[in-house]
Amino acid sequence: MSRIVKHPVIALLDAGTTFKEVRQIHAKFVIDGTLNDDHFVGQFVKAVALSDQKYLDYAEQILDRSDKPTLFALNSMIRAHCKSPVPEKSFDFYRRILCSRNDFKPDNYTVNFLVQACTGIGMRETGLQVHGTTIRRGFDNDPHVQTGLISLYAELGCPDSCHKVFDSVSSPDFVCRTAMVTACARCGDVGFARKLFEEMPEKDPIAWNAMISGYAQVGESRKALDLFHLMQLEGVKVNAVSMISVLSACAQLGALDQGRWAHAYIERNKIKITVRLGTTLVDLYAKCGDMNKAMEVFWGLEEKNVYTWSSALNGFAMNGLGEKCLELFSRMKQDGVTPNAVTFVSVLRGCSVVGLVDEGQRHFDSMRNEFGIEPQLDHYGCLVDLYARAGHLKDALGIIQRMPMKPHAAVWSSLLHASRMYKNLELGVLASKKMLELETRNHGAYVLLSNIYADSDDWDNVSHVRQSMKSKGVKKEPGCSVMEVNGEVHEFFVGDKSHPRYTEIEAVWKDISMRLRLAGYKADTSPVMFDIDEEEKEDALCLHSEKAAIAFGIMSLKEDVPVRIVKNLRVCGDCHQVSMMISKIFDREIIVRDRNRFHHFKDGHCSCNGFW
DNA sequence: TTAGGGTTAG
C-alpha cells in the first residue's frame, strides 16, 4: 500500500484542538482539494471523530460530503461511537456499510468495533446478534474479537457464555486471559479468576491490576491489599490504576492508616495523580471520616470532574455535615461543573441529615427544571427520607403514594424508622407491612415493627411479630465491626471470642461497664431491648461487635488517637448511648461508620444528633 | 491509516 501517506496537518489533530481550528482545517482542505482524495477523507474523519466526542456530529458531516466514503472511514465512525454516550449510533454506520453502493463487506475491524459498541450499550439481544454476525462473517477466531466477546458477556452478566468463548480460544494470549480474569471477577467468581491469574504464564502490570481490582470490586478488600503487597514483592511496576484499587479497598475497610500509607507511597513513587486517582483519594478520606484531609486533597487537585465533586459532596453528607455539603454544591455550580443524577443523591442526603426540608425540595425540583434530569427511584427515596426524618410523616407518605415508580423497600424503611422515632404507630405498622411485602425476610423491618408495638405497650403484637419471625426463619445478618490498629485490620463479630486478645478485651469492657454504671448508665434490658434480639441483652460474655471494638481500641491505641470503627449494620440504640457516654468519660473521640453514615462521638454527643 | 485486557462518585 504505497499510496498510504499520513497527512501532516491531520496527524496534529488531538484532544486539544478547538472546534474553530477543526473548521478552519476543514475549510482549507475543501479549498485546496485535499478532500477530493477519499484516502484523506478517511484520515480526517477518523482524526476529528476520535479527537473529542463533541466533534462526532461534525465528523459525520465531513463523511457525508464525501461521494464514496471508504470502509476505513465508516469503521472509524463505528469505532468513535463505541465509547460515546450513544454507542447505538455505531449501528447506523454499520447499516451504511451493508447498503453501500461500493459493495463493501464488513471486515474484522467492523465486527470488533460492533462488539465494543454492544459492550457499551449492555443490551443482550443486540449483543447476541452481533456475536451471530461475527460467526457468519467468519471472524469468530479473530483474537481481538474473541477477547471483546468475553468482555461483552461479562458486561451482560453471562458467565457461561464467557467460559464458552474462552474455551473456544485455542491458545489464549495474556490479553485474552486478563479479559477472562476480569470477566470472572465481575460475574462473581473471584476464586476462578484467581486460579486463571495464577495459571498465567506471564503477568504484566495490567493483569495484576485486573486481579486486584477484581477483589476490590467484590468487596474482598483484604485480599486486594494482600495481592498488592505480593505485586510489590514480585517487583511488578505499580501505577495509578493499581493505586486506585488499593485506595478503594482501604476506603471500603475504613482503613485510614493503610490508606495514608498508600497515599504516601503514591507521593514517594511520584505516581501521577490523575483525576481518577485524585477522586479515589478524596473518597478514601471521606469514607474514613476525615473530611478535613479529604478537602485538603480535593482543593489541591489539578483537575476535578463531576465524580470528584460528587465524592466530596457524598463525604459531607455521610459525615453529617449537611451545610458544608450544600455550600460545596453551590461552589460546584459556580465553577460551571454540571451535576448529574448521582450528585443529587448526595445533595439530597446532605439536606436530609440536617433537616433542611425546603432546601432539599428546591434541589429536587431543580433536577428536572434546571438540569433536565428526571428523578429516579433513589431520588424519591431521598425525598421521602428528607420529609420523614424531619417529622413530616404524612408528606412522606404522600410522596410514596404519588411517586411515578413502584417504591422499593428502602423508601418504606425511611418512613418506618421515622415512624418509630416520632412514635406514629399507624404509619409504622403500614410501612413495615409494605416493606415486608417487598422483602419478606428483612430482619430490620420485623425488629422495628416489634419496637413500635413495644413503644405502645402492645405486648400481644410484640409476641406475634416475634413468632412470625421465628416461623419464617428470619435471621439477623451477624454484626461485624472492623478497626485498624497499627496498620493491621481487626474484625469483631457479635459474640465472637476468637480474637487472640479476647480475655483482655473482656476485662477492659468490664472496667468500662463499671465506669458507665458509676456515671448513671443503666443497661437497657427492658422487654423492648429483649425483643430486638437476644444478643442485645447486656452481657459481658456476649458483646455487641462495636463494644468489643471500642474496648480493643481503648486498650491498644494512644490516648489522643480517635477510635475508628466500621460496622456492617446500623448502630443499635444501646451502643449509640454507650458510645456517647464513653466519649465523655474517657475523653476519647469515637468515630463509627455504620451501614448508612458516620457517627462522630465526642464529649458525650454524637454528630448525628440522634437521627440515624 | 483502524482493533482486544486494568481505573473514580450514589
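All chains are named by letter (A, B, ...) in the order of the sequence lines, taking the proteins before the strands, and each is independently numbered beginning at 1.
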Margin query: I'd like to know whether Asp107(A) forms a side chain to side chain donor-acceptor pair (under 3.5 Å) with Asn75(A), so could you lay out the CA-CA distance, the side-chain angles of the two residues, the decisive distance to 0.1 Å, and finally the verdict.
Written below: CA-CA 9 Å; Asp107(A) 62 7; Asn75(A) 279 348; 3.2 Å; yes

Rounded to whole Å, how long is the line connecting atom [atom1] of [X] with atom [atom2] of [N]?
X         : N       : atom1 : atom2 : answer
Met367(A) : dG10(B) : CE    : P     : 16 Å
Gln252(A) : dT8(B)  : CD    : C1'   : 13 Å
Ile78(A)  : dT1(B)  : CD1   : P     : 20 Å
Leu247(A) : dA9(B)  : CG    : P     : 11 Å
Ile273(A) : dT8(B)  : CD1   : C1'   : 13 Å
Met77(A)  : dT1(B)  : CE    : C1'   : 16 Å
His408(A) : dG10(B) : NE2   : C1'   : 11 Å
Asp378(A) : dA9(B)  : CG    : P     : 15 Å

Taking any heavy-atom pair under 4.0 Å as a contact, classify [X]: base, sugar-phosphate, or nothing.
X         : value
Lys287(A) : sugar-phosphate
Ser311(A) : sugar-phosphate
Arg177(A) : nothing

Margin query: I'd like to know if Thr280(A) reaches the base of dT8(B) with its side chain such that a donor and an acceptor end up less than 3.5 angstrom apart.
Written below: no

Next item on the list: Mind telling me whether Tyr285(A) and His263(A) have parallel, tilted or perpendicular rings, with 30° and 60° as the class edges?
Entry: tilted

Next item on the list: Using the six-membered ring wherever Trp is involved, compare the ring planes of Tyr94(A) and Phe91(A) and label them parallel, tilted or perpendicular (cut-offs 30° and 60°).
Entry: perpendicular

Checklist line | Aromatic ring proximity, centroids under 6.0 angstrom, Trp208(A) and Phe197(A) | finding: yes

Item checked: Pair Trp309(A) + Phe298(A): ring centers closer than 6.0 Å -> yes

Check: How does protein reach along nucleotides 2-7 of chain B, written 5' to 3' as B (base within reach of a heavy atom under 4.0 Å), S (only sugar-phosphate), or - (no contact)?
Finding: BBBBBB

Checklist line | Test side-chain hydrogen bond (donor to acceptor under 3.5 Å, both in side chains) applied to Asn596(A) - qualifying residues, sequence neighbours left out | finding: none

Which atom pairs, one a donor and one an acceptor, fall under 3.5 Å between side chains of residues 148-160 of chain A and the rest of the protein, sequence neighbours left out?
{"from": "Ser151(A)", "atom 1": "OG", "to": "Thr147(A)", "atom 2": "O", "distance (Å)": "3.4"}
{"from": "Tyr153(A)", "atom 1": "OH", "to": "His131(A)", "atom 2": "ND1", "distance (Å)": "2.6"}

